[in-house]
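What you see is a predicted model, and the numbers here were worked out from it, not measured in a lab.
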Amino acid sequence: MNYQDLEIWKLANELTISIHEMTLNDLPKFEFYETGSQIRRSIKSVKSNIVEGYGRRAYKQQFIFFLITAHASCDETLDHLNTLFLTKSLKNEKKYAKIKEKLLLLGRKIYHFIEKVKKEHKTLK
């Protein structure tokens, strides 16, 4: 098993692609370097922190730390998405709702994964 087998990584990867495409195709050009840049970086942070945490899984507390960081970056991504929609930079309500729904799902899945790691994960000795 590797990090690419994790359901949370798969969903984060899917969202990374969707958000990247949304910032290229659905935002005004000025947003590409403004909030568009921020939302791309925050969703990539979710995925990267899942990967880094998995790479440190031999150390339970480090694994949990990076998963918590991924969860926080997921919240940040949701906030950027909401800002884009509320300021009318993102006008496609269907796309907004679909990405928002997936971000909320990812946040829940990361949270439950953290709880599972806290209870069941064994560190190497």
Side-chain angles (χ1 to χ4, degrees):
M1 181 169 167
N2 69 41
Y3 67 85
Q4 292 176 330
D5 297 321
L6 296 174
E7 191 176 333
I8 56 173
W9 182 87
K10 290 176 184 176
L11 185 52
N13 189 55
E14 180 184 323
L15 276 160
T16 299
I17 294 164
S18 296
I19 288 172
H20 186 82
E21 290 174 352
M22 177 269 296
T23 64
L24 292 177
N25 301 321
D26 296 290
L27 298 181
K29 293 298 174 205
F30 75 89
E31 281 292 11
F32 186 80
Y33 298 105
E34 297 282 333
T35 310
S37 175
Q38 291 284 353
I39 195 170
R40 284 190 304 275
R41 286 196 312 255
S42 63
I43 192 60
K44 289 174 186 174
S45 176
V46 175
K47 191 170 81 158
S48 296
N49 277 291
I50 291 168
V51 171
E52 189 161 0
Y54 186 84
R56 297 171 186 248
R57 68 193 177 280
Y59 306 98
K60 183 176 183 175
Q61 290 307 313
Q62 287 190 21
F63 193 11
I64 292 168
F65 171 82
F66 281 97
L67 292 172
I68 290 170
T69 304
H71 191 262
S73 292
C74 186
D75 287 344
E76 179 187 355
T77 304
L78 182 59
D79 184 62
H80 292 312
L81 180 70
N82 287 331
T83 298
L84 288 168
F85 187 71
L86 292 171
T87 60
K88 298 181 180 32
S89 287
L90 176 58
K91 296 178 184 196
N92 186 330
E93 192 168 350
K94 278 182 140 177
K95 192 167 283 190
Y96 164 74
K98 185 176 180 181
I99 293 172
K100 180 179 179 178
E101 180 182 328
K102 286 185 179 182
L103 282 168
L104 291 170
L105 175 63
L106 178 58
R108 287 190 304 270
K109 287 183 176 287
I110 293 171
Y111 173 80
H112 290 297
F113 190 72
I114 291 167
E115 292 303 307
K116 183 178 179 182
V117 169
K118 284 179 181 177
K119 289 179 187 167
E120 299 173 12
H121 191 71
K122 305 289 187 237
T123 58
L124 297 177
K125 294 188 181 195

About how many Å separate [atom2] of [Y] and [atom1] of [X], when rounded to the nearest 0.5 Å?
{"X": "L90", "Y": "I39", "atom1": "CG", "atom2": "CD1", "result": "8.0 Å"}
{"X": "L67", "Y": "Q62", "atom1": "CG", "atom2": "CD", "result": "12.0 Å"}
{"X": "L27", "Y": "N92", "atom1": "CG", "atom2": "CG", "result": "10.5 Å"}
{"X": "T87", "Y": "E31", "atom1": "OG1", "atom2": "CD", "result": "5.5 Å"}
{"X": "L78", "Y": "T83", "atom1": "CG", "atom2": "OG1", "result": "9.5 Å"}
{"X": "I68", "Y": "Q61", "atom1": "CD1", "atom2": "CD", "result": "8.5 Å"}

Q. For F30, does the CZ atom have more than 12 heavy-atom neighbours from other residues, nucleotides or ligands under 6.0 Å away?
A.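 Result for CZ/F30: enclosed.
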Q.
Is it the case that over 12 heavy atoms from other parts of the model lie below 6.0 angstrom from the CD atom of Q4?
A.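 Yes - once you tally the heavy atoms of other residues, nucleotides and ligands closer than 6.0 Å, there are more than 12.
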**Q.** Short side-chain donor-acceptor distance under 3.5 Å, R41 and S37
**A.**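 Their side chains do contain a donor-acceptor pair, which is all the 3.5 Å distance test asks for.
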Taking the side chain as C-beta and beyond, is there a heavy-atom pair between [X] and [Y] under 4.5 Å?
{"X": "I64", "Y": "H121", "answer": "no"}
{"X": "M22", "Y": "L81", "answer": "yes"}
{"X": "F65", "Y": "N49", "answer": "no"}
{"X": "K100", "Y": "N82", "answer": "yes"}
{"X": "M1", "Y": "L6", "answer": "yes"}

Exercise: identify the closest heavy-atom pair between [X] and [Y]:
{"X": "P28", "Y": "S89", "value": "CD-O, 3.2 Å"}
{"X": "K102", "Y": "L11", "value": "O-CD2, 4.1 Å"}
{"X": "V46", "Y": "C74", "value": "CG2-N, 3.3 Å"}

Check the hydrophobic clustering (I, L, V, M, F, W, Y; side-chain heavy atoms under 4.5 Å; chains of links allowed) and say if [X] and [Y] are grouped together.
{"X": "L105", "Y": "Y96", "result": "yes"}
{"X": "L103", "Y": "I17", "result": "no"}
{"X": "Y54", "Y": "F66", "result": "no"}
{"X": "I19", "Y": "L104", "result": "yes"}

If you look only at distance, which donor and acceptor atoms sit under 3.5 Å apart when one is on a side chain in residues 106-116 and the other is two or more places apart or in another chain?
{"from": "K109", "atom 1": "NZ", "to": "E7", "atom 2": "OE2", "distance (Å)": "2.4"}
{"from": "E115", "atom 1": "OE2", "to": "K118", "atom 2": "NZ", "distance (Å)": "3.4"}

Q.
Between T77 (side chain only) and I43 (backbone N and O only), is there a donor and an acceptor less than 3.5 Å apart?
A.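 Pair found, side chain donor or acceptor close to backbone of I43.
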Q) Within 45° of the axis and under 6.0 Å from the centre of the six-membered ring of F32, does NZ or CZ of R40 qualify? A)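 Pair R40/F32 counts as cation-pi.
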Q: Sequence neighbours left out, what passes ring pair (Phe, Tyr, Trp, His ring centres under 6.0 Å) with Y3? Give chain and number order.
A: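 With neighbours one apart ignored, the set is W9.
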